A.B. asks: 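Structure incoming, see below.
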Amino acid sequence: MIAALNGAFDDISKAVRLHRVWVALAHEDIGDQHRRTTLGPLWMLVNYFAFVGTFVFVFVTKDASDPSYIAYVAIGMLVWFYLTETITMSVSLFQREASFIQGTTLPLFVYVMRLTMQCIIRAGYSLAGCVLILLLAGYGINSNWLLSLLGLLLIVVATPALVTVFAFLGAFFPDSEFIVGNLMRVGMFLTPVFWVYSGQEGVQKYAYHWNPFTYFLEGVREPITAGIFPTHALTVTGYVCLGVWALALLLLGLYRKRIVFLI
Amino acid sequence: MTSIKLNNVSLVYRLFEKLTLSAPGRRRSALGGNISKSGTKQVVQALDDVSFELKAGDRLGLVGPNGAGKTTLLKVLYGIYQPSGGTISIAGKVDALFNISIGFRPEATGRRNIVLRGLISGWTLAEIEEKMEEIIDFSELGDFIDLPFKAYSQGMAARLAFAAATALEPEILLMDEWIGAGDASFQEKAKRRMDELAEKAGIIVLASHDESLIQRVCTKKMTLRAGRVESLT
Ligand SMILES: Nc1ncnc2c1ncn2[C@@H]1O[C@H](COP(=O)(O)OP(=O)(O)OP(=O)(O)O)[C@@H](O)[C@H]1O
Ligand SMILES: [Mg+2]
């Protein structure tokens, strides 16, 4: 156990020393994805607007300009897209990096940070879009935004751990790539991304209370839409974060030398 | 002091058997390690009880038929694979040239690729900047250096890879079948660079099927067969 943790911290500290590698590679990745397009990474912004726009048009029927629902969906989509993208890309991370893993001695955490970095850069575009929507919907910038930032920060802190856990899952059980992909697609409907929970019984109740993603979302959303400090959401997010990090360190410590034989 | 020491190193690859309905008929092969089964898994014994020692200035040529375990041994030396048994001790900064395309991004220019390759090997940006011109000169790529890597021929890629890997004077250099792609003049140049490296008390391990290359470059020769050391001279 101690040895495992030592191994994990060794891997992580080596990766931190190589921070230039993953920063450079993440930029290359983003560049490659959009190399031959005219709009480039702005496509991510377009994508985000299209989604939020669709949901606002479809679900706001009576009162088409309800600003609180627009903000609700805009922030919900921002966080949900970030989480889905990160998780689905994590599951196939080690397979995608196979040639590097089998040809260099870079610590595994370098690949984790490379993906983390890439997801954060991509989310930056959606974030810009989200802020724009909030301003257009009439939400002035105020101190509540700082509380939201706290929620975002927790999500960012959890990201490398989430990536690690799902990347190991994908390496040990290749089938999980498809299971996780499907679950995340269904998950959008089981998480209060675009529907509002107001005390209903049944599936929605469980989907709201027993879904860790709910708290990731609410921690960012509540300060702006409800103007409250999201104590409960942030506490749960914090615990989930700790748990995932513990699992990630354990996996990294115990199995990082095995990955090269599995992919 | 640069040195490599291996004691009874062995390595097995475990393969997960896929569900299949076809009959399990097996043919013996003269190549490769030994295939056997343990539980539901197939295992290949790629290295079996390998021991040897190299000191500063040694240049070892690795030979043996396809599947003898040469690449596997180099990857164990580099630290990509942890051996399943035995011990390894290595003193010195190791760099390796396996597959030429590893660590190169097809869309990025040669120049950018040198930077990436350098960062991956743990160089600082200042070191990379300092060595950049020398690498470009040595590879003789000229203006091609600012074209994307995917536009290079195999020999050009090999030149870039070799120039970059040897630029920072690694103490131990591992090479796998890379040189065939370079033309005669480049091979000559590469040999001189390897001589220099060995004179500076470095160690070179080179796996190749080209006997004459091994003869020209190496001072020792090790023959592997089915994962075992057949001879070491
Ligand atoms: N990733 C792998 N998974 C399973 N078995 C492998 C793997 N890589 C190599 N092997 C097996 O290990 C043995 C040694 O392979 P290796 O690649 O080291 O041979 P080599 O001497 O480099 O051969 P060549 O001359 O063809 O390059 C072979 O039997 C091969 O089938
Ligand atoms: Mg080989």
Side-chain angles (χ1 to χ4, degrees), chain A residues 3 7 10-11 13-37 40 94-111 113-114 117-118 170-176 253-263, chain B residues 11-16 18-19 41-44 46 71-72 74-84 90 93-109 112-128 148-150 161 165 172 174 176 178:
Chain A
D10 181 51
D11 196 81
S13 72
K14 272 194 206 135
V16 170
R17 247 175 288 138
L18 288 169
H19 62 275
R20 284 207 182 79
V21 177
W22 40 268
V23 173
L25 287 176
H27 278 105
E28 291 287 321
D29 290 338
I30 302 259
D32 276 2
Q33 282 157 8
H34 301 279
R35 193 168 301 269
R36 285 140 63 81
T37 61
F94 292 149
Q95 272 96 325
R96 267 183 289 126
E97 304 280 7
S99 87
F100 266 68
I101 294 179
Q102 289 166 345
T104 66
T105 48
L106 288 176
L108 282 186
F109 206 67
V110 163
Y111 307 108
M113 288 313 292
R114 171 181 179 181
M117 186 80 197
Q118 196 187 331
F172 282 112
F173 309 105
D175 293 306
S176 61
L254 291 176
Y255 300 121
R256 83 205 128 100
K257 292 285 181 193
R258 297 258 190 95
I259 291 299
V260 66
F261 294 111
L262 286 174
I263 48 179
Chain B
L11 189 128
V12 289
Y13 290 105
R14 292 201 160 67
L15 296 168
F16 296 92
K18 297 230 170 64
L19 293 172
K41 292 172 201 155
Q42 276 187 305
V43 297
V44 178
T71 303
T72 307
L74 288 175
K75 289 192 171 180
V76 167
L77 291 176
Y78 194 31
I80 294 171
Y81 294 145
Q82 217 172 33
S84 328
I90 289 181
K93 204 167 95 251
V94 191
D95 212 327
L97 275 173
F98 296 120
N99 196 327
I100 290 159
S101 60
I102 281 180
F104 286 108
R105 295 184 68 91
E107 295 285 348
T109 64
R112 176 81 179 142
N113 267 306
I114 296 177
V115 175
L116 291 176
R117 162 88 215 210
L119 290 174
I120 288 170
S121 306
W123 309 353
T124 65
L125 280 175
E127 282 173 321
I128 296 172
F149 187 77
K150 64 180 178 189
I172 299 174
L174 311 171
D176 192 6
W178 61 275

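Bear in mind that the values here come from a model prediction, so they are computed numbers and not experimental data. All chains are named by letter (A, B, ...) in the order of the sequence lines, taking the proteins before the strands, and each is independently numbered beginning at 1. Only this structure's heavy atoms are used, side chains among them; waters, hydrogens and symmetry mates stay out.
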A.B. asks: Return the orientation label for the B:Tyr81 and A:Phe261 ring planes: parallel under 30°, perpendicular over 60°, tilted otherwise.
C.D. replies: parallel

A.B. asks: So which of A:Leu106, A:Val21, A:Leu25, A:Thr105 has the largest heavy-atom pair count under 4.5 angstrom toward chain B?
C.D. replies: A:Thr105

A.B. asks: Less than 4.5 Å apart, side chain to side chain, heavy atoms only: is that true for B:Arg105 and A:Asp32?
C.D. replies: yes

A.B. asks: For atom OH of A:Tyr255, is the number of surrounding heavy atoms from other residues, nucleotides or ligands below 6.0 Å larger than 12?
C.D. replies: no

A.B. asks: Measuring heavy-atom distances to chain A, does B:Leu74 have an atom under 4.5 Å in its side chain, in its backbone, in both, or in neither?
C.D. replies: neither

A.B. asks: Could you list the residues that satisfy side-chain hydrogen bond (donor to acceptor under 3.5 Å, both in side chains) with B:Lys150, not counting sequence neighbours?
C.D. replies: B:Glu107

A.B. asks: What option among A:Arg17, A:Arg258, A:Arg20 has the most heavy-atom pairs under 4.5 Å with chain B?
C.D. replies: A:Arg20

A.B. asks: Are more than 12 heavy atoms, taken from residues, nucleotides or ligands other than A:Phe173, located less than 6.0 Å from that residue's CZ atom?
C.D. replies: no

A.B. asks: Kindly give the heavy-atom pair with the smallest separation between A:Ala24 and B:Leu116, and that separation in Å.
C.D. replies: CB-CD2, 3.7 Å

A.B. asks: A:Glu28: what forms a side-chain hydrogen bond (donor to acceptor under 3.5 Å, both in side chains) with it, not counting sequence neighbours?
C.D. replies: B:Arg112

A.B. asks: Hey, what do you get for CD1 (B:Ile80) to NZ (A:Lys257), rounding to the nearest 0.5 Å?
C.D. replies: 10.0 Å

A.B. asks: Identify which of A:Ile101, A:Leu18, A:Val260, A:Val110 forms the greatest number of heavy-atom pairs closer than 4.5 Å to chain B.
C.D. replies: A:Val260

